[in-house]
Amino acid sequence: MNFDFDYALQILPTLLRATVITFQATVGGMVLAMIVGLALELLRRSGVKPVVYATKGFVSFVRGTPLLIQLYFLYYVLPLYGLSLETMETGILGLGLHYGAYLSEVYRAGIDGVPKGQWEAATALNASRTHTWLRIILPQAVPPMLPVFGNYLIAMFKDTPLLATITLLELLGTAQAEAAISYRYLEPYTLVGLIFLVLSWPSASLVRLIENRIRAENRNGR
Amino acid sequence: MGADPRQPILRMQGVSKSYGAVQILRGIDLDVEAGQRIALIGPSGSGKTTLLRLVMTLETPEDGTIEVEGELLGLRRVGDRLVKDSGAHLRSVRGKIGMVFQHFNLFPHMSALQNIMDGPVHVRGLSKDQARERALDLLAKVGLRNKADSLPRQLSGGQQQRVAIARALAMEPKIMLFDEITSALDPELVGEVLAIVRELAHETGMTMLIVTHEMGFAREVANRVLFMEGGHIVEDGEPEQVFGNPRSDRTKAFLGAVLHR
Ligand SMILES: Nc1ncnc2c1ncn2[C@@H]1O[C@H](COP(=O)(O)OP(=O)(O)OP(=O)(O)O)[C@@H](O)[C@H]1O
Ligand SMILES: [Mg+2]
């Protein structure tokens, strides 16, 4: 079976349109994951025992089960309880919850990295909890986390083909559909691989660049 | 509040604190009158920092009470029981206290000016313009008017500590706590920081609790000296008396050791 360039060119526009879907799922998933991750970490620090245990349990559960199963669960089980979402919404919810569990650990490390003296200075200024978090702790905790966020963003992007299993016509799903019509597999899947590569590679380099810059800044700083 | 002019501005009664099995403060009783500048001296580990941290509510005592102008700090009376306080009441009492730390603890992501303005704007509710004007005055007072836009990491240790003092002053506390504010500094930077406190002492009559190992400074700035050892206040008197004619043998031994080093 030879690579048919004409066929490849013919399906390319369709695949590029599907790339937009993949993009939307990734961006939506990441935004949700960042919110969910922070919320989980704040709950874990709430000091209210049942809340702390429930949060830890949830995080362990999500981290201990495959994303694929979680997507199936959201897609097939939630509607049984009367909660039916659009496919895209289900996909974003799945990615957001799954990666949120991981990002909560990133938040934890970032927040732990803020020196104790910063909390104490906030208390000495009589700052409220909200003020302490929003203006003093998080602005210091988040910048060092950005490269890690970047790496999770790329990982999430590469996980989006799983959304094909819940019938979201992102890149892989679209390629499968094309292949099912033409019975040609080489071209669609090669193109999907290439598109992923072309998008991931520069992103990974960008993340490394940011990482180095932050590191250099810290070196100059303290 | 503060209706009785003889009411102490700070009152500690039977305050004890342990870390694990080790008792650090053993039933501290202390009345501080408004305007007193108290130097807390004593050997390492005697509990001086712990005492300040309790007053700043950075630690909670397991026994005893602390009152500021007659109001319980960190505790609330419910019936005849005392329960841990939080929220608005705690903050209304804590707002009367300010603290300057050994390691400055400036906010590294804010300029000197922002460090000083942040509390007045977001805690005390001053307008930005008002707060900025006040902050610039304070920066001028500590000799750093031209460093308003510098980040802490662009300042020397002495400069950072002066900004930290300005930041604490901007909250207009009634009681100011200083915990060895020069011991993290290079020797040549100590003078500039002490000069600020000296000036403050003589100009404002602000109530101060000063933990220091600089005996000359303590003698000069304080109008009352407490010698602590083993979690107790061993000696309490005027600087002339404590330094010139200590009553306790332990004070004598301590001063003998530090002054002849
Ligand atoms: N968070 C903590 N956990 C356990 N032990 C502590 C803690 N903080 C202080 N300590 C111990 O409590 C004792 C008293 O400490 P504190 O800092 O009050 O002494 P200090 O009089 O300020 O001494 P120094 O002159 O060295 O600053 C010390 O032995 C110290 O090791
Ligand atoms: Mg100390």
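Chain identifiers are assigned alphabetically (A, B, ...) following the order of the sequence lines, protein sequences preceding nucleic acid strands; residue numbering begins at 1 within each chain.
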Practice prompt. Against chain A, work out which of H122(B), M56(B), M171(B), Q154(B) has the most heavy-atom pairs shorter than 4.5 Å and name it.
Written response: H122(B)
Item to complete: Determine whether the side chains of E62(B) and S18(B) contain a donor N or O and an acceptor N or O closer than 3.5 Å.
Response: yes
Worksheet item: Is a side-chain N or O of R124(B) found less than 3.5 angstrom from the main chain of A170(B), in a donor-acceptor match?
Response: yes
Discussion item. If we ignore hydrogens and angles and just use 3.5 Å, is the side chain of Q161(B) paired with the main-chain N or O of H103(B) as donor and acceptor?
Written reply: no
Discussion item. Under a 4.5 Å cutoff for heavy-atom pairs, which residue among L177(B), L58(B), L90(B), V100(B) has the most contacts with chain A?
Written reply: L58(B)
Item to complete: May I ask you to name which of R91(B), R53(B), M99(B) has the most heavy-atom pairs under 4.5 Å with chain A?
Response: R91(B)
Discussion item. Here's one to test your reading of the geometry: is the NZ or CZ of R44(A) within 45 degrees of the ring axis of Y107(A) and under 6.0 Å from its centre?
Written reply: no
Practice prompt. Answer with yes or no whether the side chains of T167(A) and Y75(A) bring together a donor and an acceptor at under 3.5 Å.
Written response: yes
Worksheet entry | Top contributor to chain B interface from H131(A), Q140(A), R135(A) [non-hydrogen pairs under 4.5 Å] | R135(A)
Worksheet item: Contact part of F107(B) toward chain A, heavy-atom cut-off under 4.5 Å: side chain, backbone, both or neither?
Response: both
